[in-house]
Structure formats: structure tokens, C-alpha cells
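Note sheet for the following structure.
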Amino acid sequence: MTLNAENHFLSQLKALASDIISEADLERYLQVSQKRKKPLRVKFGIDPTFTDVHVGHCVPIRVLRLFQEAGHLPVLILGDATARLGDPTGRNDQRPALSAEEVEHNATSYFTQIGKVLDLSEGACEIHRNSEWFSGMDFFEVLRLLSESTVARLLERDDFQKRMEKKLPVHLHEMAYPLMQGWDSVQVRADVELGGNDQLFNLHMGRQLQERHGQQPQVCLTTPLLLGTDGRKMSKTYANHIPLTASAKDVFGKVMSLEDDAMESWFRLATSVSSEEVRALLEGHPREAKGRLAQEVCAWVHDEPSAQAAADNFVQQFREKQLPTDIATFTLEAKDWPLPTLLKELGLCASTSEARRMIEGGGVRVSQNVCTDVRFLLTLEIGKEVVLVQAGKRKFAYVQGT
RNA sequence: GGGGAGAUACCGAAGUGGUCAAACGGGACGGAUUGUAAAUCCGUUGGCUCAGCCUUCAGAGGUUCAAAUCCUCUUCUCCCCA
């Protein structure tokens, strides 16, 4: 890498980072790596506790890709050992411990999703499960690991402190969590570890453990958390996340529902649009700016053509109030259907009660006409034309009798 | 081991015998409006064969005409003392 390219790489990293511990180390490691023609080992860990990887997780993954493109080696840690403990992070409900099968299932789904953003092929990256080293540990080895830190040190963790203040439970095994994560770093001899900025404490632990075990301490690089559709941090528990599995249309729509104020950080963290261009966009019409943002994110999660299609579709459906082009057709028994039952049957509403409320609120249309009669009967006959049923602005279905 | 406090709907949080399917806030959904599934305003927010009925306030019993509310036991959490 030339000096210029290296500077460019560094500034790209810095643009995405919220903390780099420490920049000096990072620069030094990069130089050494180049001199010895030895790629840096860049660690990123995820626990397969649920199936959806969302756009928020992807900020560190984007950084990881930057490293990969610069010739370094991503080292992915799948926290299958940690996941099976059932870590009740930050909440007082006990997440049920996952079975080996569930972990396996989630892991597969994770890699398919991450594969969209990162090159996971042989040689391009390294993948480990932390059960590789944790499942063989006996109790005394566990104790030895626990002895590597102190209660006071662990209690410094922001998340623990907040929960203590709020008088929420902090379980003992959670205290072991940072140590386990740190131990991963020792095992894979990480040069750099990435994570969201809520991970800083855990990343520090890796540094500490590595030094205690005679390794050079990893650089900790954290990224800001992407905000969800409601302005809080993106998290599945807030249901404000954009899953990577969401359809192009959905990704587009969800980005469009971000608050205007969130656009700047989204552009920076989730797209590669240059800062000059972002500035220009933000000075222009917010709708256009957000449309561009949505298209960028969409193209990144899916691809260019589907992003374009989603954009066109959005304009047609919401600005020009046209019908979407991909309305599914359902075939139901030919008879008189009470409207609420029909809406539930078509999956447009979760329950007949919800359907009733929506009907009363004027959110339901049959053949383009608003229907506020809860007792409306829709007659389906064999061979008759399909009927368009709409619930809210986003849910449509065609029905016909059989 | 001793003492005290607590567990409420998606989340947070009121409610301490009937007027409670349960205030309020957030989220979500719907409507109006628009610049977009932004913002703002209004409405809805357990289920059903829906003017009625059924199941909910950690779990199991009990008292009562009537319990989220009172009693007993169980489970879990927090705080103080040891």
C-alpha cells in the first residue's frame, strides 16, 4: 500500500470509528504489517442468540470489510459458547438458554446474512466458534480465567453500573462475559478488535488479557451505534431495527421512516457517499436526501437494481398513491365473508379485533372504497373477478372465491 | 441466616376490595395533513361467533356476592444487616 492509500484507509476508518484505542498502536501495527507482508488479524465477534442481523450490526462489519479490502484478515468469532449460556444482557428477563440446534441454525443464518457484506470465502477470512476453546475448559481453568480480573474492575462497566443503579439484576455469569470475550482475543491472537461503542469495555478486556499472556495488545476500534427508526439505538428489542433479511421494498420504506435528524449519521455510517455530497444533499430537500439514503442502504443490503425498483415503487405507491405492483392473490372458499374474519384470514390483520378497530378507524378499503361497516359481508363467488382488499397504506391483497 | 421492598399489558410506569380490559408516557398501528412510512394533529392499542361473551395484573390455592387489589404457599428480583 502506498503512503497515500494508507492515509486514505486510515481516514476511512476514522470516519466510521467512535473510539480507537489507540490510534498510535493502530498506525504502528499497520506499518509493521506492511513491512513484514503479514496481514493484521481483525477480530469481530457475534453471538448467535437470534436470527436477524440488522443494519446496525453492519457498521463494524463495514469496517471489517475496509480492512479486508486493504488486505487484512477478518477473524470472525461466533459466540456459540456465550450464546448457550443465555445471557440476559441489560434486561431482567431471563433469555432461555439456546439449544445446540438453535445455535447452529442461527449461525448458518448469520453467515448467509453477513456474507452479503463480507467476503467469507476460504482464505479471505477466518471463522472460529468460541466453543472451540471454551467447551474443553474444566472448572479449575474457568476459575483461573475468572481470576484474571477483579470485581471492582468489572463493576466499572457502564452497563453493570446502570443496572445496579436501577436496581436491576446483574448475574454472576454476566461478569464472566467480558472475560470470555477477552479470552477469545487471546486465543485468536487478535491485532484489532471491532465492536459497537457499547462494547468498549469488553474490547478493553481483550487488551488486558493479551498483555497478561505476553501478547501485544489489540487495538480496540468501536463504531457509533446506528439509530433505529424511532430515534433510539437500533435494537431488536425496541423493534426499531432493519433486518438484513427485509425485502428491498421494506428496507427502503424503513429508512424513509427515519427522522430527518438521523440522516447525517446514517449517511456517514451506513453509506459510502462522500461527505461533500452528503452536505449538499442535506442542504437540499429532505425528501430527496432521504430517498437517496434509502436507495444507498437498499443497494448495499440488496443490490442496485432492486434498490432502484424499490425507489420507483415507493414514489408510485406513496407519493402518487398508485397501487403496488406486487399484490398477492389469495383464493378462499366461495361464501359470504365477514370483513374482519377475511382480513385476518388474508393476514392483513393479526386478529379480528384488530381488523374491527382498523375498519372503524377508516383504514380498510374494499375495491378502493373505504368501508367502515364492521359487519360488512364480502361475497366471494366462483369465477367472479378478484376483489382488492386494503388494510392501511401498506397492506394489500386480491381475493377470489373457489 | 435475619429484616425490608417488589413482580401489572410490547416497554416503562400508575392502580392497594366493586365505577378495572386496568390511568399516564414511549413504541406500534390507523386517520387527517404533508415533504416521506419525516414533523404535526386526531384516534386505536387482550381475544371472540363483538350492543354480548371469554381469558389477563409472576405461579398455585384460599377469603368474599365481588380480588390486580386481602390471606397462605411457591418461584424470581432488589435493598439493608450478618
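A note on names: the letters A, B, ... follow the listed sequences, proteins ahead of strands, and every chain is numbered from 1.
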Would you tabulate the pairs of protein nitrogen or oxygen atoms and nucleotide nitrogen or oxygen atoms of nucleotides 44-47 of chain B closer than 3.5 angstrom?
| residue | atom | partner | partner atom | Å |
| --- | --- | --- | --- | --- |
| B:G47 | OP1 | A:Ser351 | OG | 2.9 |
| B:G47 | OP2 | A:Arg357 | NH2 | 2.3 |

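With a cut-off of 3.5 Å on both Watson-Crick or G-U wobble distances, the partner of B:U33 is given as none. Nucleotide B:C78 forms a Watson-Crick or G-U wobble pair with B:G4, both donor-acceptor distances falling under 3.5 Å. In this structure, B:A23 forms no base pair with any nucleotide, since neither Watson-Crick nor G-U wobble geometry is met with both distances under 3.5 Å. The base-pairing partner of B:A14, taking Watson-Crick or G-U wobble contacts with both distances under 3.5 Å, does not exist among the strands shown. When Watson-Crick and G-U wobble pairs are counted only if both distances are under 3.5 Å, B:U64 pairs with no nucleotide at all. For B:C53, the paired base is B:G47 (Watson-Crick or G-U wobble, both distances below 3.5 Å).
Between A:Thr341 and A:Asp250, the residue whose closest nucleotide on RNA chain B is further toward the 5' end is A:Asp250. In terms of position on RNA chain B, the residue among A:Val170 and A:Asp260 whose nearest nucleotide sits closer to the 5' end is A:Asp260.
A salt bridge links A:Asp25 with A:Arg207: the distance from a Lys NZ or Arg NE/NH1/NH2 to an Asp or Glu carboxylate oxygen falls below 4.0 Å. Ion pairing of A:Glu104 with A:Arg129 is present here, as a side-chain N (NZ or NE/NH1/NH2) and a carboxylate O approach within less than 4.0 Å. Electrostatic pairing of A:Arg157 and A:Glu174 does not count as a salt bridge here, judged by no charged N lying under 4.0 Å from a carboxylate O.
Listed pair A:Arg394 / B:A37 fails the phosphate criterion, with no side-chain N or O lying under 4.0 Å from OP1 or OP2. Regarding contacts with the backbone of B:U36, a side-chain N or O of A:Arg287 is found under 4.0 angstrom from either OP1 or OP2.
Using a 4.0 Å heavy-atom cutoff across all strands shown, A:Met358 reaches sugar-phosphate atoms only and no base atom. Within 4.0 Å (heavy atoms only), A:Arg319 reaches sugar-phosphate atoms of the nucleic acid but no base atom. Nucleic acid contact class of A:Gly392 (heavy atoms, under 4.0 Å, all strands): sugar-phosphate only. A:Val251 comes within contact range of no nucleotide atom at all, as no heavy-atom separation falls under 4.0 Å. Residue contacts for A:Phe252: at a heavy-atom cut-off of 4.0 Å it reaches no nucleic acid atom on any strand shown.
Of the C1' atoms belonging to B:A28 and B:G12, the separation is 15 Å, rounded to the nearest Å. When the P atom is used for both B:A67 and B:G59, the distance is 16 Å, rounded to whole Å. Between the C1' atoms of B:G46 and B:U55, the separation comes to 8 Å (whole Å). One C1' atom belongs to B:C57, the other to B:A68, and the distance between them is 4 Å to the nearest Å. Separating the P atom of B:A9 from that of B:G15 is a span of 16 Å, rounded to the nearest Å. Taking atom C1' on both nucleotides, B:U8 is separated from B:C24 by 14 Å, rounded to a whole Å. For the P atoms, the distance from B:A13 to B:U64 is 35 Å, rounded to whole Å. The same atom, P, is picked in B:A22 and in B:U36; the two are 38 Å apart, to the nearest Å.
Summarising the geometry, the separation between CG on A:Leu168 and C1' on B:A13 is reported as 14 Å, rounded to the nearest angstrom. One atom, NZ of A:Lys167, and another, C1' of B:C80, lie 10 Å apart when rounded to the nearest Å. Atom CG of A:Leu348 is separated from atom P of B:G30 by 11 Å (rounded to the nearest Å). The separation between A:Leu227 atom CG and B:A38 atom P is 16 Å, rounded to whole Å. Remark: C1' of B:G30 and CZ of A:Arg356 are 17 Å apart, rounded to the nearest angstrom. At whole-Å resolution of the value, NZ in A:Lys166 and C1' in B:C11 are 10 Å apart. Protein atom CD of A:Glu259 is 13 Å distant from nucleotide atom C1' of B:A37, rounded to whole Å. Atom-to-atom, CG of A:Asp230 to P of B:A38 comes out at 12 Å; the value is rounded to the nearest Å.
At a cut-off of 3.5 Å, with distance as the only test, no side-chain donor of A:Glu156 or A:Gln161 sits close to an acceptor on the other residue.
Between A:His57 and A:His54, the ring-plane angle classifies as parallel under the 30° and 60° cut-offs. Below 30°, between 30° and 60°, or above 60°: for A:His72 and A:Phe67 the angle between ring planes is above 60°, a perpendicular geometry. A perpendicular orientation is assigned to the rings of A:His213 and A:Trp183, their planes being inclined by more than 60° (bins at 30° and 60°).
No side-chain heavy atom of A:Leu221 sits under 4.5 Å from any side-chain heavy atom of A:Val42.
Relative to the side chain of A:Met256, the nucleotides B:U77, B:G35, B:U36 differ in distance, and B:U36 lies closest. Checking B:A37, B:G35, B:A51 against every side-chain atom of A:Lys393, the shortest atom distance belongs to B:A37.
Heavy-atom neighbours of A:Lys14 NZ from other residues, nucleotides or ligands within 6.0 Å: above the threshold of 12.
For the residue pair A:Leu146 and A:Ala176, the shortest heavy atom distance occurs at CD2-CB, 3.8 Å.
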